[in-house]
K.L.:
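Structure in structure tokens, see below.
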Amino acid sequence: QVQLVDTGGGLVQSGGSLRLSCAASGRTFSLYAVGWFRQAPGKEREFVASITRSSSGTYYADSVKGRFTISRENAKNTAYLQMNSLKPEDTAIYYCSAGDFPSVNPAIYAYWGQGTQVTVSS
């Protein structure tokens, strides 16, 4: 079992930045790939970014490529999502997740954080 806690959301103006954190406890964090997903009101949960266990590979949705950066520090049992050049369409609840391998499919991830709200004003 892995417990995940998402933090770092908030209200920011268009063009601003936020850094989300995902703190893990329980089983060894380094055993899992990490994914970030988001869900806007009335929409399905969508893939944002993922990272392999050792940080050797990172993957991004086209909509965030070049603006968001996923990273992790296994020694601190924490993953991050640095979000720059934020746009109003980035407004959503953001969730971190842990699974056996990185994937755009949320069904692959067995563990989920509670989510953190990101609101970008125009």
Side-chain angles (χ1 to χ4, degrees):
Q1 284 277 354
V2 175
Q3 293 78 43
L4 303 175
V5 177
D6 310 320
T7 58
L11 173 64
V12 64
Q13 289 189 334
S14 182
S17 298
L18 283 174
R19 187 175 83 156
L20 306 184
S21 297
C22 174
S25 60
R27 289 196 68 193
T28 305
F29 182 57
S30 60
L31 292 176
Y32 299 95
V34 171
W36 284 96
F37 289 77
R38 65 188 181 187
Q39 189 165 18
K43 295 187 177 181
E44 293 188 353
R45 191 167 296 192
E46 66 170 353
F47 170 76
V48 175
S50 62
I51 188 168
T52 58
R53 301 172 187 180
S54 63
S55 302
S56 59
T58 56
Y59 310 91
Y60 298 92
D62 288 343
S63 59
V64 307
K65 203 170 293 183
R67 300 188 298 123
F68 291 11
T69 303
I70 188 172
S71 61
R72 65 190 298 167
E73 291 186 79
N74 287 340
K76 295 184 178 181
N77 291 335
T78 304
Y80 306 96
L81 185 68
Q82 177 67 44
M83 306 186 296
N84 298 328
S85 302
L86 282 161
K87 304 175 182 180
E89 50 263 45
D90 294 318
T91 295
I93 300 175
Y94 283 71
Y95 300 88
C96 77
S97 57
D100 289 337
F101 53 87
S103 174
V104 301
N105 183 356
I108 295 298
Y109 298 87
Y111 306 104
W112 291 83
Q114 83 288 357
T116 184
Q117 176 71 50
V118 171
T119 303
V120 184
S121 63
S122 56

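Since we're looking at a predicted model, the values are computed, not measured.
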K.L.:
To the nearest 0.5 Å, what is the distance between CD (Gln82) and CG (Leu18)?
P.N.:
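Spacing of CD (Gln82) from CG (Leu18) equals 8.5 Å.
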K.L.:
Side chain of Tyr59, backbone of Gly35: donor and acceptor closer than 3.5 Å?
P.N.:
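Absent.
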K.L.:
Is there a chain of hydrophobic side chains (I, L, V, M, F, W, Y, each step under 4.5 Å between heavy atoms) that links Val2 to Leu31?
P.N.:
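Yes: a chain of side-chain contacts under 4.5 Å links Val2 to Leu31.
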K.L.:
Check step by step if side-chain hydrogen bond (donor to acceptor under 3.5 Å, both in side chains) holds for Ser56 and Ser54.
P.N.:
CA-CA 5 Å; Ser56 59; Ser54 63; 3.3 Å; yes
K.L.:
Working to the nearest 0.5 angstrom, can you tell me the gap between Ser97 OG and Arg45 CZ?
P.N.:
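That separation rounds to 8.5 Å.
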K.L.:
Sub-3.5 Å donor-acceptor pair from the side chain of Thr28 to the main-chain atoms of Ser30, do we have one?
P.N.:
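Flag not set: sc Thr28 to bb Ser30 has no pair under 3.5 Å.
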K.L.:
Can you tell me how far apart CD1 (Ile108) and CZ (Phe47) are? Round to the nearest 0.5 Å.
P.N.:
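Rounded to the nearest 0.5 Å, the CD1-CZ separation comes out at 12.0 Å.
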K.L.:
Hey, any chance Tyr80 and Phe68 share a hydrophobic cluster, counting ILVMFWY side chains that come within less than 4.5 Å of each other, even indirectly?
P.N.:
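Cluster IDs for Tyr80 and Phe68 differ.
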K.L.:
Roughly how far apart are Thr91 OG1 and Gln117 CD, rounded to 0.5 Å?
P.N.:
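Here the rounded value is 7.5 Å.
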K.L.:
Out of curiosity, Ser122 OG to Gln13 CD, how far, rounded to the nearest 0.5 Å?
P.N.:
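Rounded to the nearest 0.5 Å, the OG-CD separation comes out at 9.5 Å.
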K.L.:
Can you list every ring-ring contact (aromatic ring centres under 6.0 Å, His included) pair that touches residues 85-122, not counting sequence neighbours?
P.N.:
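Passing the test, one end in residues 85-122: Tyr32-Tyr111, Phe37-Tyr109, Phe37-Trp112.
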K.L.:
Work out which heavy atom in Val34 is nearest to a heavy atom in Ala79; give both atom names and the distance.
P.N.:
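Smallest interatomic distance, heavy atoms only, reads CG1-CB, 3.9 Å.
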K.L.:
Count I, L, V, M, F, W, Y as connected when their side-chain heavy atoms are under 4.5 Å apart, and connections chain through other members. Are Val12 and Leu81 then in the same cluster?
P.N.:
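Yes; Leu81 is reachable from Val12 via cluster members.
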K.L.:
Does Arg53 offer a backbone N or O that forms a donor-acceptor pair with the side chain of Asn74 under 3.5 Å?
P.N.:
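Yes: the side chain of Asn74 pairs with the backbone of Arg53.
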K.L.:
Between Val5 and Gln114, what is the shortest heavy-atom contact and its length?
P.N.:
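Smallest interatomic distance, heavy atoms only, reads CA-OE1, 3.5 Å.
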K.L.:
Can you give me the closest heavy-atom contact between Asp90 and Val120, atom names plus distance?
P.N.:
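Between these two residues, the closest heavy atoms are CB-CG2, 4.3 Å.
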K.L.:
If you take all heavy atoms of Arg67 and Ser85, which pair is closest and at what distance?
P.N.:
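The answer is NH1-O, 2.9 Å.
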K.L.:
Please report the closest heavy-atom contact between Thr52 and Arg72, naming both atoms and the distance.
P.N.:
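So the two residues come closest at O-NH1, 3.0 Å.
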K.L.:
So, taking the atom named OG1 in Thr7 and the one named CZ in Arg19, what distance separates them when rounded to the nearest 0.5 Å?
P.N.:
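So the OG1 of Thr7 and the CZ of Arg19 are separated by 9.0 Å.
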K.L.:
For the residue pair Val48 and Val64, what are the closest heavy atoms and their distance?
P.N.:
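Minimum heavy-atom separation between Val48 and Val64: O-CG2, 3.5 Å.
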K.L.:
Are Leu4 and Met83 connected in the hydrophobic side-chain network, where two residues link if heavy atoms are under 4.5 Å apart?
P.N.:
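In one cluster with Leu4: Met83, no.
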